[in-house]
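Order of the sequence lines sets the chain letters (A, B, ...), proteins ahead of strands, with each chain counted from 1.
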Number of protein chains: 2
Amino acid sequence: MTSAPPSAGQVALLPARAPRGPGRPKDQRKRAAIVAAATGLFMERGYAEVTMEAVAAAARVSKMTVYGHFRDKAALFGAVVRGVSDQMTAALTGLPPAGAETDLETRLTAVGTALLGMILSPRVVAMSHALMGMLMKDRALAAAFYEAGPGNVRAVLARYLADAAAQGLLRLDAPQAAADDLLGLWEGDWPKRIALALVPAPSAGEIEARARRAVRVFLRAYRAA
Amino acid sequence: MTSAPPSAGQVALLPARAPRGPGRPKDQRKRAAIVAAATGLFMERGYAEVTMEAVAAAARVSKMTVYGHFRDKAALFGAVVRGVSDQMTAALTGLPPAGAETDLETRLTAVGTALLGMILSPRVVAMSHALMGMLMKDRALAAAFYEAGPGNVRAVLARYLADAAAQGLLRLDAPQAAADDLLGLWEGDWPKRIALALVPAPSAGEIEARARRAVRVFLRAYRAA
DNA sequence: CATATATTGGACGCGCTCGTATAGGAAACA
DNA sequence: TGTTTCCTATACGAGCGCGTCCAATATATG
């Protein structure tokens, strides 16, 4: 097949085993460089359009080194997915200023601004699209990624809203559904339009304006009476 | 390149010129069969994963006939995009029961149910994803498709909401933005989860329930006081 | 009927990419 | 120092899909 669906074999983790053998150990920085280069390329071109030679060149490494670290293209892609998932979770856990000292509208706007700042970057949009393209062929990996990525965002946001409801700031039946609604309002069809390059990359100001507007609409529907 | 980005050359329209030359004219039914087969295949597999031979076989036609109707793979894809766009517009123009005799909530729920019934079909989800994959490489074609597809949906819905506002049923500043909100609430991240096969194809009941819930939230935010 | 074009089926060249093989040099252990 | 393993560079086999060529046949027009 010209561009086979990656079954994305077992991902080789970075700190797997200590270099306990004799002889020269594998250079983990080269490995990181390979993953970084592959991530960038997969992000902006998609799986099929990226050749292993291009990855090697971008990582300034011999192609054989790439195959030394990863059995095949699918395994490399698996490592990329893993890395992106980890990045997503890490980026989000630090975000929400859980304190209730400031206005809920202000806090939600801040969260939305940060989130959209990540999600609406053209590179990230392109990547998540390419990513989904491959994940659609591997349900197990897809589930793992969704849990670590979008699913985690949903869960964190749902907890956040549930807390606010517990404090009497919101009136909502299902936090999960409300989180869905807020995310839907935040995103709209901007990802589509950005992916198709119908609009330029949104500025920080535009992003904050969109986050704020969506929060206002959301609160009109969910604010406690 | 193994799977080149389709620049999607000029699309050959169906009723272009009458068969005014001497000799045997091209069989337009074969052409239609080719486009239909290609649409189905591109929908469920994506551009790179579909071979011209597969298209020919699915259309029960010789490969040479395919190349007789379309210069190359990109041109065939362009025809597919064109056809899908036309289908979308056609399907939507007949939808909204513009009469104001029934409840606005009921009417919007009906529109949303019909829309989601189209959009959330796993085949359509997969197709729109594959479609975007190629369109991301051809801005002109992307714009044309967006205008005919999602953009048109937005525009129609915005007009619909503006009408309702003119009748005093809604209170909204920007119909376009409100339409965005409603669409965002309708979709949520269901397309993502369906694309990744994390949830089975939604039943008609689930679709209507989702449409109704989203409309209720929307109206809480936008209903006239 | 004569003519021009469409369609078929098979075969094939071309270019591309994956993944492997090989050999020499580099770097980390003991 | 010696040994083991890694890294590089290059070449190469194998497979695959695009697009073309060809000879034979079918089907429309004038």
Point to revise | Value in whole Å for how far the C1' atom of D:dT27 lies from CD of B:Q28 | key: 15 Å
Point to revise | B:H69 side-chain N/O to C:dA6 phosphate OP1/OP2 under 4.0 Å | key: no
Review point. Any idea how A:F42 and A:F77 line up, ring-wise: parallel (<30°), tilted (30 to 60°), or perpendicular (>60°)?
Key: perpendicular
Study note, to complete from the structure: Against the side chain of A:T51, the closest entry in C:dG19, C:dT17, C:dA6 is C:dT17
Exercise for review: Test side chain to side chain contact (heavy atoms under 4.5 Å, CB included) on A:I194 and A:L120 and set out the steps.
Suggested key: CA-CA 7 Å; A:I194 291 174; A:L120 296 186; 3.9 Å; yes
Review point. Is a donor on one side and an acceptor on the other found under 3.5 Å between the side chain of B:T65 and the backbone of B:V61?
Key: no
Point to revise | Distance-only donor-acceptor test, B:R24 side-chain atoms vs C:dA4 base atoms, 3.5 Å | key: no
Check your understanding: To the nearest Å, how far apart are A:Y67 OH and D:dA9 P?
Key -> 17 Å
Exercise for review: For DNA chain C, find the residues of residues 57-64 of chain B with a heavy-atom distance under 4.0 Å and give them by number; none if there aren't any.
Suggested key: B:V61, B:S62, B:M64
Study note, to complete from the structure: Contacts of A:G23 and B:V66 projected onto DNA chain C by closest heavy atom; the upstream (5') one is B:V66
Check your understanding: To the nearest Å, how far apart are B:R29 CZ and D:dT27 C1'?
Key -> 13 Å
Study note, to complete from the structure: Atom CG of B:D72 and atom P of D:dG17 are separated, to the nearest Å, by 17 Å
Point to revise | Between C1' of D:dG17 and CG of B:L41, the distance in whole Å | key: 15 Å
Exercise for review: Please identify each residue that fulfils side-chain hydrogen bond (donor to acceptor under 3.5 Å, both in side chains) with B:E147, with sequence neighbours left out.
Suggested key: none
Exercise for review: May I have the distance from B:K26 (atom NZ) to C:dT8 (atom P), rounded to whole angstrom?
Suggested key: 12 Å
Revision key, fill the gap. Between CD of A:E49 and C1' of C:dC16 the distance, given in whole Å, is 13 Å
Practice item. For A:D27 and for B:E53, locate the closest nucleotide of DNA chain D by heavy-atom distance; then report the residue assigned to the nucleotide nearer the 5' terminus. Key: A:D27
Check your understanding: Quick one: B:R31 CZ to C:dT5 P, roughly how many Å, whole number?
Key -> 19 Å
Review point. What pairs of residues pass the side chain to side chain donor-acceptor pair (under 3.5 Å) test when at least one of them lies in residues 190-201 of chain A, not counting sequence neighbours?
Key: A:D189-A:R193
Check your understanding: Hey, is the side chain of B:K30 poking within less than 4.0 Å of OP1 or OP2 on C:dT8, counting only N and O atoms?
Key -> yes
Practice item. Taking only Lys NZ, Arg NE, NH1 and NH2, and the carboxylate oxygens of Asp or Glu, determine whether A:R210 and A:E206 approach each other closer than 4.0 Å. Key: no
**Study point:** Among C:dG19, C:dC29, D:dC7, the nucleotide that comes nearest once only the side chain of A:K73 is considered
**Key:** C:dG19
Check your understanding: Taking the side chain from A:T113 and the backbone from A:T109, do they hold a donor-acceptor pair closer than 3.5 Å?
Key -> yes
Review point. Contact class for A:V55 vs. all strands (heavy atom < 4.0 Å): base, sugar-phosphate, or nothing?
Key: nothing
